[in-house]
K.L.:
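What follows is a single structure, and I will ask about it in a moment.
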Amino acid sequence: MTVRMISWPRILLFGDSITQFAFEANGWGAALADKLVRKCDVLNRGLSGYNSRWGKHILPKLIPDSSHAENMAAVTIFFGANDSALKDLNPQQHVPLEEYADNLRNMVQYLKSVNIQQEKIVLITPPPLHEASWEKQCIIKGSKLNRLNSVTGTYAKACVQVGAEYGADVLDLWTLMQEGGSDYSVYLSDGLHLSDAGNKFAETKLWIILQKKLGSLPMILPDCMDVDNNDPESSLFKICL
């Protein structure tokens with residue numbers, strides 16, 4: 001007897017520490033997973049400290065061919081917070097601006113090559129950097145301030161431009177968090193990573209984009225009140241099989 005596996009659609013969250021930490025309590029990725037429970041699996045492939053130069057080599061190992069992309073409902077690419085580190089103070093993580101943009105292009109092109117088209121891709125810019133807060137973290141580690149918000153902004157603009165080139169959606173956190181001259185430090189736990197408020201902000205803005213792509217996904221397996229308890233098999237698998 002052949003048993004057919006129930007398959008959930010998947011969302012891949014790919015990025016640096018801001019993605020890795022997204023499944024912590026009150027994280028933006030955890031909130032997305034909660035919204036999509038029984039509809040879609042949310043996979044966290046965040047890698048703390050990583051940049052786009054390394055990420056472009058890892059992405060093909062996560063989705064090696066089109067057969068692994070068949071059930072992919074969406075992919076988010078969220079790099080830039082480390083790429084934009086100042087070269088002279090943080091050469092380990094720094095990636096030049098033009099290379100960063102090319103790396104994003106490379107990743108989008110790769111996804112398209114395995115039949116994940118631009119409508120399923122969301123690029124996310126780095127959030128703004130609160131320099132005074134991040135400088136305190138740098139001093140604790142015995143270093144100088146190694147990032148500047150103005151530089152992070154140039155990387156955010158490059159990310160937006162790449163999205164426009166390919167017709168992919170972009171969540172521009174750098175711009176949105178600073179709209180109206182608001183105190184964006186409330187969105188950051190240490191000047192770089194997201195606070196609870198920042199996670200909520202990111203999830204809310206990202207859901208506006210993803211809901212258009214995923215809002216029609218059906219619930220997998222029926223509501224418990226719709227299961228025939230005398231003949232469960234006949235009613236359990238009407239939708240998913």
Side-chain angles (χ1 to χ4, degrees), residues 7-64 68-83 100 103-104 106-108 110-112 114-127 155-156 159-160 162-163 166 168-174 176-177 187-189 192-196 198-215 217:
S7 182
W8 268 249
R10 294 172 294 153
I11 299 176
L12 177 66
L13 310 181
F14 184 47
D16 53 34
S17 58
I18 303 177
T19 298
Q20 179 176 319
F21 301 161
F23 272 20
E24 292 182 348
N26 302 314
W28 62 271
L32 282 178
D34 182 58
K35 275 189 167 73
L36 292 166
V37 69
R38 287 184 63 178
K39 293 184 176 183
C40 192
D41 284 340
V42 180
L43 307 179
N44 188 326
R45 297 296 181 265
L47 301 161
S48 180
Y50 279 51
N51 58 34
S52 66
R53 179 183 290 171
W54 310 343
K56 74 175 183 179
H57 296 291
I58 296 167
L59 184 59
K61 307 296 185 182
L62 303 179
I63 310 173
H68 289 82
E70 289 178 357
N71 228 17
M72 198 65 68
V75 177
T76 64
I77 299 175
F78 193 172
F79 287 100
N82 297 318
D83 300 69
Y100 166 72
N103 292 338
L104 293 182
N106 178 285
M107 286 187 270
V108 172
Y110 177 77
L111 291 174
K112 288 169 64 71
V114 293
N115 295 324
I116 298 175
Q117 298 306 313
Q118 63 269 17
E119 60 268 16
K120 293 185 176 183
I121 301 170
V122 182
L123 301 181
I124 306 177
T125 76
Y155 283 71
C159 180
V160 171
V162 171
Y166 289 93
D169 284 313
V170 180
L171 174 57
D172 185 359
L173 289 178
W174 190 87
L176 290 172
M177 286 183 169
Y187 297 128
L188 304 166
S189 63
L192 175 67
H193 301 97
L194 300 180
S195 63
D196 284 355
N199 274 285
K200 178 63 177 175
F201 184 95
E203 184 273 326
T204 299
K205 298 298 185 182
L206 182 56
W207 181 243
I208 293 172
I209 297 171
L210 290 179
Q211 191 171 25
K212 300 173 184 177
K213 307 175 188 299
L214 310 174
L217 287 176

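None of these values were measured; they are calculated from a predicted model. Sequence positions, counted from 1, serve as the residue numbers for this chain. Values below: all heavy atoms of this structure, side chains included; hydrogens, waters and symmetry mates excluded.
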K.L.:
Verify side-chain contact (heavy atoms from CB on, under 4.5 Å) between Arg45 and Leu12, making sure each step is shown before the conclusion.
P.N.:
CA-CA 7 Å; Arg45 297 296 181 265; Leu12 177 66; 3.3 Å; yes

K.L.:
So, do His193 and Pro127 sit near enough that their side-chain heavy atoms are less than 4.5 Å apart?
P.N.:
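A side-chain contact is absent here, since even the closest heavy-atom pair is not under 4.5 Å.
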
K.L.:
Classify the ring geometry between Phe14 and Phe79 as parallel (under 30°), tilted (30 to 60°) or perpendicular (over 60°).
P.N.:
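It falls in the perpendicular class, over 60°.
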
K.L.:
Should Asp169 and Ile121 count as side-chain neighbours, where that means a heavy-atom distance under 4.5 Å?
P.N.:
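Answer no - side chains too far apart.
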
K.L.:
Any idea which heavy atoms bring Cys40 and Leu217 closest together, and the distance?
P.N.:
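Nearest pair, atom of Cys40 first, then Leu217: CB-CD1, 4.0 Å.
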
K.L.:
Please tell me if the side chains of Phe78 and Ile18 come closer than 4.5 Å, counting only heavy atoms from C-beta onward.
P.N.:
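In contact.
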
K.L.:
When you look at Val42 and Arg10, which way does the side-chain contact (heavy atoms from CB on, under 4.5 Å) test go after all the steps?
P.N.:
CA-CA 6 Å; Val42 180; Arg10 294 172 294 153; over 6 Å; no

K.L.:
With sequence neighbours excluded, what pairs up with Ser189 under the side-chain hydrogen bond (donor to acceptor under 3.5 Å, both in side chains) test?
P.N.:
none

K.L.:
Got Pro126 and Leu173 here, is their nearest side-chain heavy-atom distance under 4.5 Å?
P.N.:
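They are not in contact (no side-chain heavy atoms under 4.5 Å apart), so the answer is no.
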
K.L.:
Filter on salt bridge (charged side-chain N to carboxylate O under 4.0 Å, His left out), then keep only pairs touching residues 47-61, sequence neighbours left out; what's left?
P.N.:
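Qualifying pairs: Arg53-Glu99.
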
K.L.:
With a 4.5 Å cut-off on side-chain heavy atoms, are Leu13 and Trp28 touching?
P.N.:
yes

K.L.:
Counting N and O atoms only, with roles assigned by atom type, does the side chain of Ser195 sit under 3.5 Å from a partner on the main chain of Gly198, one being a donor and the other an acceptor?
P.N.:
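A pair under 3.5 Å: yes.
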
K.L.:
Going from CG on Leu47 to OG on Ser17, what distance comes out if it is rounded to the nearest 0.5 angstrom?
P.N.:
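Interatomic distance, Leu47 CG to Ser17 OG, rounded to 0.5 Å: 10.0 Å.
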
K.L.:
With rounding to the nearest 0.5 Å, note down the distance linking OH in Tyr166 to CD in Gln118.
P.N.:
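CD of Gln118 is found 10.5 Å from OH of Tyr166.
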
K.L.:
Just wondering, do Phe21 and Asn199 contact through their side chains at under 4.5 Å, heavy atoms?
P.N.:
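Result no, sub-4.5 Å side-chain heavy-atom pair not found.
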
K.L.:
Would you indicate whether the side-chain heavy atoms of His68 and Val114 approach each other to under 4.5 Å?
P.N.:
no

K.L.:
Report the distance from atom CD1 of Ile63 to atom OH of Tyr110, rounding to the nearest 0.5 Å.
P.N.:
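Rounded to the nearest 0.5 Å, the CD1-OH separation comes to 7.0 Å.
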
K.L.:
So which atom in Ala73 and which in Leu214 form the shortest heavy-atom distance, rounded to 0.1 Å?
P.N.:
CB-CD2, 3.4 Å

K.L.:
Under 3.5 Å, is there a donor-acceptor pair between the side chain of Asn51 and the main chain of Trp54?
P.N.:
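Yes.
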
K.L.:
Using the side-chain contact (heavy atoms from CB on, under 4.5 Å) definition, which of the options Leu36, Asn44, Leu43 pairs with Ile11?
P.N.:
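Checked Leu36, Asn44, Leu43 against Ile11; only one passes side-chain contact (heavy atoms from CB on, under 4.5 Å): Leu36.
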
K.L.:
So, do Pro9 and Asp41 sit near enough that their side-chain heavy atoms are less than 4.5 Å apart?
P.N.:
no

K.L.:
Identify the two heavy atoms, one from Tyr155 and one from Tyr100, that lie closest to each other, and give their separation to 0.1 Å.
P.N.:
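Smallest interatomic distance, heavy atoms only, reads O-CE2, 3.3 Å.
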
K.L.:
Please tabulate, for side-chain N and O atoms in residues 202-209, each donor-acceptor pair with protein atoms closer than 3.5 Å (sequence neighbours left out).
P.N.:
| from | atom 1 | to | atom 2 | distance (Å) |
| --- | --- | --- | --- | --- |
| Glu203 | OE2 | Lys35 | NZ | 2.7 |
| Thr204 | OG1 | Lys200 | O | 2.8 |

K.L.:
So, taking the atom named CG in Asp83 and the one named CG in Asp16, what distance separates them when rounded to the nearest 0.5 Å?
P.N.:
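Answer rounded to 0.5 Å: 8.0 Å.
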
K.L.:
Please check this pair: side chain of Lys120 against backbone of Met72, looking for a donor-acceptor N/O pair closer than 3.5 Å.
P.N.:
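Side chain of Lys120 to backbone of Met72: a pair is present.
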
K.L.:
Spell out, as yes or no, whether a donor-acceptor pair under 3.5 Å connects the side chain of Thr125 to the backbone of Cys159.
P.N.:
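Not at all, since once roles are kept as given, no pair shorter than 3.5 Å links the two residues.
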
K.L.:
Taking Ser52 for the side chain and Leu104 for the main chain, is one N or O donor matched with an acceptor at less than 3.5 Å?
P.N.:
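No.
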
K.L.:
Can you tell me how far the CD1 atom of Ile124 sits from the CG atom of Leu171, to the nearest 0.5 Å?
P.N.:
5.5 Å

K.L.:
Would you compute the distance between atom CG of Asn71 and atom OG of Ser7 and round it to the nearest 0.5 angstrom?
P.N.:
3.5 Å

